[in-house]
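Structure record follows, encoded as structure tokens.
Chain letters run A, B, ... following the sequence lines, proteins first and then strands; every chain starts at 1.
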Amino acid sequence: MPTKSKSLKPKVAVFKFASCDGCQLSLLDAEDELLDVAGAIDIAFFPEASRRMLKGPYDIGIVEGSITTPHDVEHIREIRKSCAVLITIGACATAGGIQALRNWKDIKNYVHIVYASPEYISTLDRSLPVGSFVHVDFELRGCPINKYQLIEVINAFLNKRKPNIHAYSVCMDCKLKGNECVMVARGIPCLGPVTQSGCGAICPSFDRGCYGCFGPMESPNTQALAAQYKEVGESELDIKLAFRTFNAYADAFRKESEAHEH
Amino acid sequence: MDKTYRLETEDLERLLQLLQGEGYETIGPTLGNGTIVYDKITTAKDLPKGWTDEEEPASYRISNNGGERMFGYTLAPQSWKRFLYPPLRELFSIRRNGKSFETLRTDSEEKKFAFIGVRPCELSAVLIQDKVFTAGEYRDDDYLSRRRNAFIVAVNCANAGANCFCLSMNTGPKAGEGFDIALTEVVNDGGHYFVAEAGTDKGATLLERTGGIAASERERGEAEEVVERTASQITKSLDTRGLQEILAENQESPHWDDVAKRCLTCGNCTMVCPTCFCAAVEDSTDLSGKTASRTRRWDSCFTLDFARVSGGNFRITPKSRYRQWLTHKLSSWVEQFGIFGCVGCGRCITWCPVGIDITAEVSAIKGERVKQEKGA
Ligand code: SF4
Ligand code: SF4
């Protein structure tokens, strides 16, 4: 195969909305793979990493962060138009993020507490995922995402194949690794059975229950898991709070937390 | 030659050393992180002396009773499947070579395992997987090479768990066939010793070399008592009479909806089951696209991708997934392989995070059938 000339490399842009930057930093954090990645793609726009800011259109747009302002809405629509493929990364971009906790409250009250001149603040009443506004080609979960999964998605795109990203439970990863189930062996409440794999089952590997950072798995039976939480001694409030974290506004988690709100 | 020996506890150490001397990696029960796990052991000191486990649906707890038993626990969370059929394995890779490509088969690692402490139900599971992987048209060479090299020391059960139902499945608590050596651990006022039975010539030779002496009739009787006592502890059962047909005829039982409400579709039951053998095959590439590789990974009939085919998915609902799993184990498996796909180890009950019990689900399905017949 002839080596691709630089201009033939796919042009990639990285954009940020309401988020902590942790996910896009995963790309920079992939030290060992970074040179390969940089060799395979043309990073045309990545303000976090480089001053080079080429104009679109782009072959791949990677978006971090949730949509929280009217300006964000306009901006994401423009981005969508300029990107052939749009990939959203992280709990903010795929579920609204931890900031979506405000979705249960009246935002006006917060604005008054936080800002001296609230009249200058223009905000939406909810923090929402990118997919609520534009079509997204692939959503990569996690808070933060797993850098190997990000590279896998880019790799799959470059090689025109399906990414090996699984939507099954964290339990599958625990069992593949040979972890002992923390809920069965110790009675530690764990969101693993309803959470999508991808982190490598980090918390159960260190004797913790899963916090649900990767959001709901493909067919989450949150109600059945909540019933088991009671069996291991969790209160209604515990259950509500367990589902109300980084992926609080992901449909399945949102509904389950609301079911325990009294 | 009398094939039953009496081994002292020190002889067990010698047995391990002899196996290691012959190049075996000795794998056995040892204390894990809150459980008994099967892992590499080097000496008899690694065995979980005094440890027992208590199992309930969705619960497993260990404790040390200060006793002498080295094999006083019931079961580890995962079976020997991990060693014979590893969860992840590269099958081959392909390298681009100018305009063509070359395929490199990933060689099987030469593994020589000696499994110490295989429970009778687990041994039956190994024999079932032998059928699946080696008897049919599609032979799994990697499994075959690991299996052929394996030396099996079975240990008959001295302590049945609340989820064991080997009696119903005819797989325990005493090992019948398939072992090189079968041990029964006897602890009583008379002392602490093992009664060892050789199942193969290789096993017999090793027992001779460990210095075991012929077991007396009394000792053999005491070993029998251990197994009988264990059998009498077993409370869980599964009525297998006509089960294959009953399940095949009750695919539309309303009870499948009931279990679907509880099932998390997490896949734990399939992962811990010693007979479940499904795997997914995944292709990956390096970033440049110059090399690609194909990997096999344990999969589960509870994942959505499992039944995704061109044009759709034929098992979308959790109900259809649970039904597939249970009816495969206890009905269509018989059609396929001539035996049940369940050995009654109870792992799927213990390690199901919500404690779904395969025996209870079967009873409920039968009950529904009776109800409907009466109503009709
Ligand atoms: S189906 Fe359950 S009880 Fe039967 S062999 Fe598998 S894990 Fe053991
Ligand atoms: S039966 Fe239990 S272990 Fe199996 S998929 Fe359902 S919830 Fe998970």
Side-chain angles (χ1 to χ4, degrees), chain A residues 1 3-4 33 35-41 151-152 154-156 158-164 166-190 192-195 197 205-207 217-225 227-229 231-232, chain B residues 32-35 37-39 53 55-62 76-78 82 86-88 96 98-99 260-268 270-272 280 282-290 292 295 297-300 302-306 316-318 321 350-356:
Chain A
M1 193 183 69
T3 41
K4 287 177 185 168
E33 299 79 9
L35 281 178
D36 286 340
V37 175
I41 59 178
I151 294 167
E152 168 61 12
I154 295 173
N155 180 332
L158 291 174
N159 289 293
K160 302 186 175 56
R161 64 173 173 83
K162 180 173 164 269
N164 294 316
H166 307 113
Y168 53 50
S169 69
V170 172
C171 303
M172 293 286 286
D173 283 346
C174 267
K175 291 298 183 281
L176 290 171
K177 283 177 95 170
N179 280 353
E180 295 139 340
C181 175
V182 296
M183 196 147 69
V184 171
R186 278 186 233 286
I188 298 173
C190 175
V194 296
T195 300
S197 95
S205 304
F206 290 95
D207 259 354
M217 51 82 96
E218 55 194 7
S219 48
N221 189 346
T222 52
Q223 222 183 330
L225 185 68
Q228 191 63 21
Y229 265 45
E231 289 287 315
V232 297
Chain B
N33 190 12
T35 57
V37 291
Y38 302 148
D39 206 346
D53 51 337
E55 301 173 4
E56 294 290 336
S59 170
Y60 181 106
R61 295 288 184 280
I62 55 168
Q78 288 202 33
R82 289 190 80 75
L88 279 171
R96 209 189 278 278
K99 281 211 164 96
K261 282 197 200 111
R262 288 170 280 134
C263 176
L264 304 164
T265 62
C266 59
N268 277 301
T270 54
M271 301 309 253
V272 297
E282 259 167 24
D283 293 337
S284 56
T285 46
D286 67 358
L287 273 164
S288 71
K290 287 196 183 101
T295 307
R297 173 182 48 75
W298 284 1
D299 200 6
S300 163
F302 284 93
T303 71
L304 262 181
D305 272 346
F306 190 86
I316 296 278
T317 61
R321 287 180 256 164
T350 307
W351 297 98
C352 171
V354 292
I356 293 175

Do you know which of A:D207, A:V170, A:V232, A:V194 has the most heavy-atom pairs under 4.5 Å to chain B?
-> A:D207
Can you tell which part of A:K160 gets under 4.5 Å to a heavy atom of chain B, answering side chain, backbone, both or neither?
-> neither
Give the member of B:G267, B:G34, B:A58, B:P87 that has the highest number of heavy-atom pairs under 4.5 Å with chain A.
-> B:A58
Go through the atoms of B:P353 and report whether side chain, backbone, both or neither lie under 4.5 Å from a heavy atom of chain A.
-> both
Euclidean distance, A:K175 NZ relative to B:W351 CH2, rounded to 0.5 Å | 6.5 Å
CG (B:L287) and CD1 (A:I41) are apart, to the nearest 0.5 Å, by 8.5 Å
dist B:D286:CG -> A:I151:CD1 (nearest 0.5 Å) comes out at 12.5 Å
Select one option (side chain, backbone, both, neither) describing which atoms of A:M217 are under 4.5 Å from chain B's heavy atoms.
-> side chain
Report the C-alpha distance between B:T265 and A:N221 in whole Å, list the side-chain angles of each, state the deciding distance to 0.1 Å, and finish with yes or no for side chain to side chain contact (heavy atoms under 4.5 Å, CB included).
-> CA-CA 8 Å; B:T265 62; A:N221 189 346; 5.7 Å; no
Of the backbone (N, CA, C, O) and the side chain (C-beta and beyond), which part of B:A260 lies under 4.5 Å from a heavy atom of chain A, both, or neither?
-> backbone
Taking side chain as C-beta onward, heavy atoms only, is B:R321 less than 4.5 Å from A:S219?
-> yes
Heaviest contributor of heavy-atom pairs below 4.5 Å to chain A, chosen from B:G355, B:S59, B:C352, B:G32, is B:S59
Using a cut-off of under 4.5 Å on heavy-atom pairs, state which of B:D305, B:D283, B:D53 scores highest against chain A.
-> B:D283
Please check if the side chain of B:R82 supplies one atom and the backbone of A:L176 the other of a donor-acceptor pair under 3.5 Å.
-> yes
Contact part of B:L88 toward chain A, heavy-atom cut-off under 4.5 Å: side chain, backbone, both or neither?
-> neither
Under 4.5 Å heavy-atom distance to chain B, tell me which part of A:R161 shows up: side chain, backbone, both or neither.
-> side chain
List for me each residue that meets side-chain hydrogen bond (donor to acceptor under 3.5 Å, both in side chains) alongside B:T350, sequence neighbours excluded, and say none if there are none.
-> B:N163
Is a donor on one side and an acceptor on the other found under 3.5 Å between the side chain of A:R186 and the backbone of B:R61?
-> no
To the nearest 0.5 angstrom, please state how far the OG atom of A:S169 sits from the CG atom of B:L264.
-> 8.5 Å
Interface residue of largest heavy-atom contact number with chain B, from A:H166, A:E231, A:Q223, under 4.5 Å = A:H166
Residues passing the side-chain hydrogen bond (donor to acceptor under 3.5 Å, both in side chains) test with B:D299, sequence neighbours excluded, are B:T303
If you tally heavy-atom pairs under 4.5 Å against chain B, which of A:V182, A:T222, A:N155 wins?
-> A:N155
Sort A:D36 into side chain, backbone, both or neither according to what part of it lies under 4.5 angstrom from a heavy atom of chain B.
-> both
Non-hydrogen atoms of chain B under 4.5 Å away: do they reach the side chain of A:V37, the backbone, both or neither?
-> both
Note: vs chain B, highest number of non-hydrogen pairs under 4.5 angstrom among A:M172, A:E152, A:E33, A:K162 is A:M172
With a 4.5 angstrom heavy-atom cut-off, which part of A:A185 approaches chain B: side chain, backbone, both or neither?
-> both
Once you round to the nearest 0.5 Å, how far does CG of B:N33 lie from CG of A:N179?
-> 9.0 Å
Residue from B:T270, B:T285, B:V272 scoring the most non-hydrogen pairs under 4.5 Å with chain A is B:T285
